[in-house]
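Reading through the C-alpha cells given below for one structure.
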There are 2 protein chains.
Amino acid sequence: MLLSKSCVYGLRAALYLASKEKEEFTPIKPMSERLEISFHFLTKILQQLTANGLLESFKGPNGGVRLAKSPDKLALIDVVLAIDGPKLLTECALGLPGCGLKNPCPLHDKWAITRDSIRDMLANTTLTDLVEKGKKENLRLTEDGDFEQLLRD
Amino acid sequence: MLLSKSCVYGLRAALYLASKEKEEFTPIKPMSERLEISFHFLTKILQQLTANGLLESFKGPNGGVRLAKSPDKLALIDVVLAIDGPKLLTECALGLPGCGLKNPCPLHDKWAITRDSIRDMLANTTLTDLVEKGKKENLRLTEDGDFEQLLRD
DNA sequence: CTATTTTAAGATAAAAGACTCTTTAATTAA
DNA sequence: TTAATTAAAGAGTCTTTTATCTTAAAATAG
C-alpha cells in the first residue's frame with residue numbers, strides 16, 4: 001500500500017474538516033461516526049496532525065479540532081508527511097539503506113523520477129481541490145457515503 | 001512502502017539470476033547467502049515466481065532455479081504482479097473499496113494518472129536494463145555488496 | 001538401488017501495523 | 001466549585017507481514 005491506513009484516515013479527516021465552511025471546532029466523536037473510523041484511533045491520528053501544526057485543538061465543552069490554515073494552503077503532502085513521514089519520498093525501491101545519488105541501486109534513477117511525480121501530485125493537490133470536486137460531483141469519503149450526507153447535520 | 005519486502009526480495013533475486021550469463025540452474029542456498037536473504041524465506045518467494053511462470057525449477061543434484069524467459073523479456077512489473085498482486089495498480093489511494101471510474105473518490109482521477117506512471121516505469125524496465133546498468137557502474141543489490149563480488153564464484 | 005541434493009509445503013514464532021480500551025489531564029459552562 | 005466534555009496518553013489486543021524451523025517429496029549422480 002502506498003499510504004498507511006493511519007495516513008488515509010488522516011486524509012479523509014482533513015477533507016472532512018476542509019469541507020465544513022464554518023470555522024468552528026469540530027468534536028471528534030461525531031466526526032468519527034461520520035467517517036466510520038474508531039473514535040480512539042481517529043483521536044490519535046488527529047493528535048499527530050495537531051502536533052505537526054496542521055490542526056488546532058480545543059479542550060472542554062464545544063471543543064474539538066479545526067484546520068490551522070486555510071484548506072487551499074494545505075496540500076495532501078502535508079498530511080502524508082505528518083503521519084507517514086518522509087520515507088515514501090526518500091526510501092529505496094529495492095529497500096537498500098543509504099540508497100541515493102552517492103551510492104545508488106540499479107533502480108535508483110528511474111525510481112527517483114517516478115517518486116517525484118508522486119510527490120508533485122501530492123504537493124499540487126490541496127484540500128480545497130478535492131473538496132470542491134467532491135461537492136460538485138457528490139463523491140464519497142467513506143465506503144457508502146457521499147458528500148451531501150457527510151455534511152448534513 | 002511501495003512494494004512488500006517479499007516483492008523486493010523477489011526483484012533482487014530476479015536481477016541476480018538475470019546477471020548470470022550462464023543458463024544453468026542456480027541452487028537457492030548459495031543464492032540466499034549472496035543476497036543476504038534467509039534461505040527458507042527466499043525459497044518461498046522463488047516458489048511464487050516459479051508458480052507464476054517467471055522461473056523454472058529443477059530438483060535434485062545440480063538443481064535450482066533459472067529464468068523461464070530471456071531477461072530482456074521480463075519487466076519489473078512481472079515480478080511485482082507475481083508477488084504483490086495487482087493491488088498497487090488498482091487500489092484506491094484513499095482506501096475506498098470499489099473506487100473506480102463508476103464510483104470514484106475525490107482523489108481517483110489524479111491518483112490514476114500517478115499510478116499509471118508507476119506502472120509504466122515498472123513495465124518499461126526490464127531485468128536486462130538494470131543488470132546492464134548495475135554491471136557498468138558496479139552498483140549493488142545488497143546492503144554492502146556490489147555486482148563484481150555478487151558474480152564472483 | 002541408495003545416498004545426496006534439491007524443491008516444496010506446513011507449522012510455528014517473532015515483529016510490525018492496525019485497532020481498542022482505560023485512565024488522566026485540561027477546559028469551560030453553569 | 002462542580003459537573004460535563006473534550007484532548008491526550010498509555011496499555012493492551014488483534015491481525016498481517018515477515019521470518020524461521022521442520023518435514024516431506026522429487027530427482028539424479030554414482
Side-chain angles (χ1 to χ4, degrees), chain A residues 1-13 17 24-33 35-68 80 82-85 87-88 91 94-95 142-143, chain B residues 1-13 17 24-68 80 82-85 87-88 91 94-95 97:
Chain A
M1 206 183 314
L2 187 80
L3 307 175
S4 74
K5 225 154 180 195
S6 293
C7 187
V8 165
Y9 290 162
L11 284 171
R12 290 191 208 163
L17 291 173
E24 306 171 319
F25 288 98
T26 301
I28 299 180
K29 193 63 189 279
M31 189 171 163
S32 70
E33 288 163 359
L35 293 173
E36 295 169 7
I37 304 171
S38 143
F39 167 72
H40 290 99
F41 194 34
L42 179 59
T43 294
K44 301 214 165 176
I45 295 165
L46 296 178
Q47 282 173 18
Q48 291 186 69
L49 295 180
T50 303
N52 281 275
L54 277 74
L55 302 183
E56 291 172 350
S57 68
F58 191 75
K59 296 175 181 176
N62 303 320
V65 294
R66 70 178 178 197
L67 296 179
V80 172
I83 296 180
D84 279 348
K87 64 177 195 292
L88 174 65
E91 255 185 357
L94 292 181
T142 64
E143 177 160 0
Chain B
M1 203 185 314
L2 189 80
L3 306 174
S4 73
K5 225 158 179 193
S6 294
C7 187
V8 165
Y9 290 162
L11 284 170
R12 290 193 209 162
L17 291 173
E24 305 171 320
F25 287 97
T26 301
I28 298 179
K29 192 64 188 280
M31 188 171 165
S32 71
E33 287 162 1
R34 281 294 163 92
L35 293 174
E36 296 168 7
I37 303 171
S38 143
F39 167 72
H40 290 98
F41 195 35
L42 180 59
T43 294
K44 301 215 164 177
I45 294 166
L46 296 178
Q47 281 171 20
Q48 290 185 69
L49 294 180
T50 303
N52 281 274
L54 276 76
L55 302 183
E56 291 171 350
S57 68
F58 191 76
K59 295 174 184 176
N62 303 320
V65 295
R66 71 179 177 195
L67 296 179
V80 172
I83 296 180
D84 278 348
K87 66 178 193 292
L88 173 67
E91 255 185 359
L94 292 182

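Each chain gets a letter, A, B and so on, in the order its sequence line appears, and its residues count up from 1.
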Exercise. Using atom CZ of A:Phe25 as one end and atom P of C:dT28 as the other, report the distance to the nearest whole Å.
Key: 10 Å
Quiz item: Which whole-number value in Å describes the distance from B:Arg66 CZ to C:dT7 P?
Solution: 13 Å
Practice problem: Mind calculating the distance between CZ (B:Arg12) and P (D:dT18) to the nearest angstrom? | Solution: 13 Å
Quiz item: So B:Tyr9 and B:Phe41, would you call those rings parallel, tilted or perpendicular, with 30° and 60° as cut-offs?
Solution: perpendicular
Self-check item: Whole-Å gap separating C1' (D:dT6) and CE (A:Met31)
Solution: 14 Å
Quiz item: Which distance, rounded to the nearest 0.5 Å, do you find between the CD1 of B:Ile45 and the OG1 of B:Thr50?
Solution: 11.5 Å
Exercise. Using the test side-chain hydrogen bond (donor to acceptor under 3.5 Å, both in side chains), find all partners of B:Glu56 that sit at least two apart in sequence or belong to another chain.
Key: B:Arg66
Quiz prompt | Rounded distance (nearest 0.5 Å) linking atom CG of B:Leu2 with atom CG of B:Leu88 | solution = 5.0 Å
Self-check item: A:Leu3 or B:Lys29, whichever maps to the more 5' nucleotide of DNA chain C
Solution: B:Lys29
Quiz prompt | Side-chain donor or acceptor of A:Asp84 paired with backbone N/O of A:Ser4 under 3.5 Å | solution = yes
Quiz item: Base, sugar-phosphate, or nothing for A:Phe58, non-hydrogen atoms under 4.0 angstrom?
Solution: sugar-phosphate
Quiz item: Of all of residues 39-57 of chain A, which get a heavy atom below 4.0 angstrom from DNA chain C, listed by number?
Solution: A:His40, A:Phe41, A:Lys44
Quiz item: For the atom pair CD1 (A:Ile28) and CD1 (A:Ile37), what is the distance rounded to the nearest 0.5 Å?
Solution: 11.0 Å
Quiz item: In whole Å, what is the span from the NZ atom of A:Lys59 to the P atom of D:dA7?
Solution: 10 Å
Quiz prompt | Separation of atom OH in B:Tyr9 from atom P in D:dT18, rounded to whole Å | solution = 9 Å
Quiz item: Could you walk me through whether A:Leu3 and A:Leu11 pass the side-chain contact (heavy atoms from CB on, under 4.5 Å) check?
Solution: CA-CA 10 Å; A:Leu3 307 175; A:Leu11 284 171; 3.7 Å; yes
Exercise. Using whole Å, report how far NZ of B:Lys5 lies from P of C:dA16.
Key: 9 Å
Self-check item: Side chain of B:Ser38 - closest among D:dA7, C:dA18, D:dA19
Solution: D:dA19
Quiz item: In whole angstrom, what separates B:Leu17's CG from C:dT7's P?
Solution: 11 Å
